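Okay, structure first, notes after.
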Amino acid sequence: MSTLKIHNSYSRQKETFEPITPGYVGMYVCGPTVSGESHLGHARPYITFDVVFRYLQHLGYKVRYVRNITDAGHFEEEGREAEDKISSKAVLEKLEPMELVQKYTNLFHWAMNLFNTIPPSIEPTATGHIVEQIEMIKKIMADGYAYEKNGSIYFDVKKYAAGHDYGKLSGRKIEDLLEATRELEGQEEKRDAADFALWKAAPAKHIMRWNSPWGEGFPGWHIECSAMATKYLGTRFDIHGGGMDLQFPHHESEIAQSTICNGSAPVKYWMHNNMITINGRKMGKSYNNVIKLTELFSGDHPLLTQAYHPMVVRFFILQSHYRSTLDFSNEALQASEKGLKRLWDAYENLQRLRDRSSELQETAADPELDERLRKLMTEFDTFMNDDFNTAKVLANMFELVPVINSLKDKTIALTGISRATFDLLQQQFYTYLETILGLTSVSAADNEKLKNVMQLLIEIRKEARSRKDFVTSDKIRNQLATIGILLKDEKDGNISWSVE
RNA sequence: GGUCCCGUGGCCGAGUGAUCAGGCAGAGCUCUGCAAAAGCUCGUACAGCGGUUUGAAUCCGCUCGGGACCUCCA
């Protein structure tokens with residue numbers, strides 16, 4: 001089997017994945033800032049890295065997956081009016097800051113659950129690690145790479161850059177960064193424009209504040225990830241993930257802080273997912289083009305003609321490669337909805353074929369077909385190993401769909417393929433669809449009583465049809481259709497049904 | 001202004017030197033009491049121009065268009 005290759009943002013190329021400690025993987029992913037509702041754009045990294053998490057486990061690694069909750073509310077970093085997003089919003093909503101944080105954390109977890117993402121092994125909060133952050137800042141100061149000004153602490157980027165390659169991750173030149181092309185307020189405390197805050201003194205009206213050796217204040221945005229990653233994954237860990245927009249300054253700063261504090265670069269493989277765009281433009285608050293997850297699930301948005309099941313969104317995201325931009329539209333989502341249904345129907349047909357497994361032979365009557373199927377399935381692994389190419393895995397699955405449906409319709413005899421290939425089909429579809437890609441059924445029909453009622457109606461309809469009483473049979477089918485239940489007369493005389 | 005990325009058939013989207021991506025939509029056919037589903041067949045796409053090469057959507061150059069980061073951002 002081929003080995004896993006990961007595109008490392010740091011080296012800008014695919015590298016063979018070799019964990020620092022054989023058999024174990026430490027992975028850190030930047031989590032959400034819970035000052036507001038999550039939107040479609042937020043779904044991408046968490047679904048992407050959920051698949052990474054699942055695949056690494058599938059490969060047999062023991063993975064510790066850490067994803068933080070940013071609940072500390074920072075300044076508009078180095079900017080404008082000193083404003084704490086979380087506390088100012090809390091005043092508007094007349095909530096305690098932590099009440100607001102809790103509300104959006106709950107909402108985030110609710111959505112992640114609907115997406116069928118596996119919860120991280122550890123989900124630390126920034127406010128729960130103030131002590132660790134302060135300790136880290138103290139160490140950086142002791143090493144002489146940070147300085148205090150009016151109760152705030154800044155990281156000395158120029159000094160760091162003299163001995164380290166600051167800017168390598170984000171492809172920036174330190175000279176350009178030091179040039180200070182922009183005039184922003186609140187910069188006068190910093191020695192260089194490129195410096196970033198490790199700790200900020202809290203203005204009087206700032207609600208979230210903690211005691212520190214430098215007075216009351218709150219941590220800078222970047223330090224929380226460094227502190228929590230170090231605490232739970234050690235000074236050097238395997239994978240750090242996040243959105244591309246975090247590459248600079250967030251991840252660049254993380255590298256600098258951790259390198260000074262821990263004496264080594266923190267991360268072996270940096271992974272960045274690309275953005276979801278809408279009409280070609282990044283989805284984001286500042287662009288005013290976000291579609292919240294609640295709106296997506298309810299269909300309550302001007303750009304949407306209908307509600308979309310969370311699995312459709314997950315499937316939509318997995319149909320593209322994580323490093324490409326993904327353009328959202330109502331039309332694209334509808335296409336995904338139909339595609340997912342077709343794929344899942346075939347998967348269910350495949351499972352039902354087990355009832356006919358006695359027909360199988362050890363050797364395939366159609367070796368060419370048999371070989372083709374095996375190749376398509378072997379490639380699942382090849383594609384995933386090539387930097388998690390879920391799009392190609394799904395494409396191959398779709399190539400198998402007509403074959404599965406033909407086996408079911410008996411257009412292709414089960415003897416055409418070998419028993420081993422049949423078993424492999426069963427196994428690979430289950431493993432990939434459910435275990436690795438994390439897809440689930442979108443059907444709402446998992447109800448015993450409904451199933452029994454449907455069985456009854458199907459019996460009555462069968463009887464009606466057998467005596468050519470099409471008025472009755474059509475009535476049953478049409479009435480059910482208006483309720484949203486579709487009956488399908490199969491070729492073999494069976495009747496299947498599905499809830500829309 | 002600086003750095004970087006992208007431009008694939010009606011839509012979404014893989015692919016990065018020669019071979020079929022795939023999904024959705026559309027057309028035709030088969031099956032069927034009808035319908036739905038399913039199956040089969042069909043589009044000869046790679047922004048434009050020039051170059052390298054036996055051969056380029058894929059490499060190089062230029063032009064046009066779009067975007068990201070440089071400020072909170074997934």
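These numbers come from the heavy atoms of this one structure, side chains and all, not from hydrogens, waters or symmetry mates. Just so we're on the same page: letters track the sequence lines, and every chain starts at 1. In this text the structure is predicted, and so the values were computed from the model without any measurement.
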Given [options], which nucleotide is nearest the side-chain atoms of [X]?
X	options	value
A:S329	B:rA14, B:rC11, B:rG33	B:rC11
A:A395	B:rA21, B:rA25, B:rA74	B:rA21
A:D474	B:rC12, B:rC34, B:rA14	B:rC34
A:D176	B:rG2, B:rA25, B:rC72	B:rG2
A:R172	B:rG15, B:rA68, B:rC70	B:rC70
A:L177	B:rA14, B:rC70, B:rC12	B:rC70
A:S286	B:rG13, B:rC11, B:rC72	B:rC72
A:P249	B:rA74, B:rC70, B:rC11	B:rC70
A:E331	B:rC34, B:rC11, B:rC12	B:rC11
A:K392	B:rC12, B:rA14, B:rA74	B:rA14

Could you state the [atom1]-[atom2] distance from [X] to [N], rounded to the nearest angstrom?
X	N	atom1	atom2	result
A:R477	B:rG33	CZ	P	11 Å
A:F248	B:rU71	CZ	P	6 Å
A:K475	B:rA35	NZ	C1'	18 Å
A:N289	B:rA74	CG	P	13 Å
A:F380	B:rA21	CZ	P	19 Å
A:M244	B:rU3	CE	P	19 Å
A:K282	B:rA74	NZ	P	8 Å
A:M275	B:rC5	CE	P	16 Å

So what does [X] touch, heavy atoms closer than 4.0 Å: a base, only the sugar-phosphate, or nothing?
X	result
A:S336	nothing
A:Y287	sugar-phosphate
A:G41	base
A:L246	sugar-phosphate
A:R461	base
A:L340	nothing
A:F328	nothing
A:S170	nothing
A:M397	nothing

Check whether any side-chain N or O of [X] sits under 4.0 Å from OP1 or OP2 of [N], and answer yes or no.
X	N	answer
A:R281	B:rG67	yes
A:T277	B:rG67	no
A:Y322	B:rA74	no
A:N389	B:rG15	yes

Between [M] and [N], how far apart are the [atom1] atoms? Round to whole Å, please.
N	M	atom1	answer
B:rC11	B:rA35	P	32 Å
B:rA56	B:rG66	C1'	24 Å
B:rU52	B:rA18	C1'	16 Å
B:rC12	B:rC62	C1'	31 Å
B:rA57	B:rA47	C1'	11 Å
B:rG65	B:rC59	C1'	22 Å
B:rU41	B:rA21	P	14 Å
B:rA14	B:rC40	P	25 Å

Inset, instruction - Please confirm whether A:R67 makes a cation-pi placement over A:Y46, using NZ or CZ under 6.0 Å from the six-membered ring centre and within 45° of the ring normal. - result: yes
Legend entry - Geometric cation-pi criterion, A:R465 with A:F470: 6.0 Å, 45°: no
Donor-acceptor pair, side chain of [X] and main chain of [Y], under 3.5 angstrom:
X	Y	result
A:N8	A:Y10	yes
A:Y269	A:T16	yes
A:Q133	A:A126	yes
A:N274	A:Y322	no
A:R323	A:H272	no

Inset, instruction - Dot-bracket for RNA chain B, please, read 5' to 3', with Watson-Crick or G-U wobble pairs under 3.5 Å on both distances, ( ) within the strand, [ ] crossing, | other strand, . unpaired. - result: (((((((..(((.....[...))).(((((.......)))))....(((((..]....))))))))))))....
Close aromatic pair by centroid cut-off 6.0 Å: [X] and [Y]:
X	Y	answer
A:W110	A:F297	yes
A:F196	A:Y154	no
A:H251	A:H222	no

Inset, instruction - I would like to know whether A:K158 and A:D195 meet salt bridge (Lys or Arg N to Asp or Glu O under 4.0 Å); could you show each step before the answer? - result: CA-CA 8 Å; A:K158 194 198 265 180; A:D195 293 351; over 6 Å; no
Inset, instruction - Hey, can you tell me if A:Y166 and A:Y160 have their rings parallel, tilted or perpendicular (30° and 60° cut-offs)? - result: perpendicular
Inset, instruction - Verify the stacking flag for A:Y46 against B:rA74: centroid separation must be under 5.5 angstrom and the ring planes must differ by under 30 degrees. - result: no
Inset, instruction - With RNA chain B as reference, determine whether A:H42 or A:Q319 sits nearer its 5' end, using the nearest nucleotide of each. - result: A:Q319
Legend entry - Residue closer to the 5' end of RNA chain B, A:F470 versus A:P32 (nearest nucleotide): A:F470
Legend entry - Donor-acceptor pair present, A:R44 side chain and B:rA74 base, under 3.5 Å: no
Legend entry - Least distance between heavy atoms, A:K341 atom then A:S498 atom: NZ-OG, 4.3 Å
Inset, instruction - Would you please test A:K408 and A:E490 for salt bridge (Lys or Arg N to Asp or Glu O under 4.0 Å) and show each step? - result: CA-CA 10 Å; A:K408 177 213 157 214; A:E490 308 284 345; 2.5 Å; yes
Inset, instruction - Report, as a single string ordered 5' to 3', how protein heavy atoms within less than 4.0 Å touch nucleotides 37-48 of chain B: B base, S sugar-phosphate only, - not at all. - result: SBSS--------
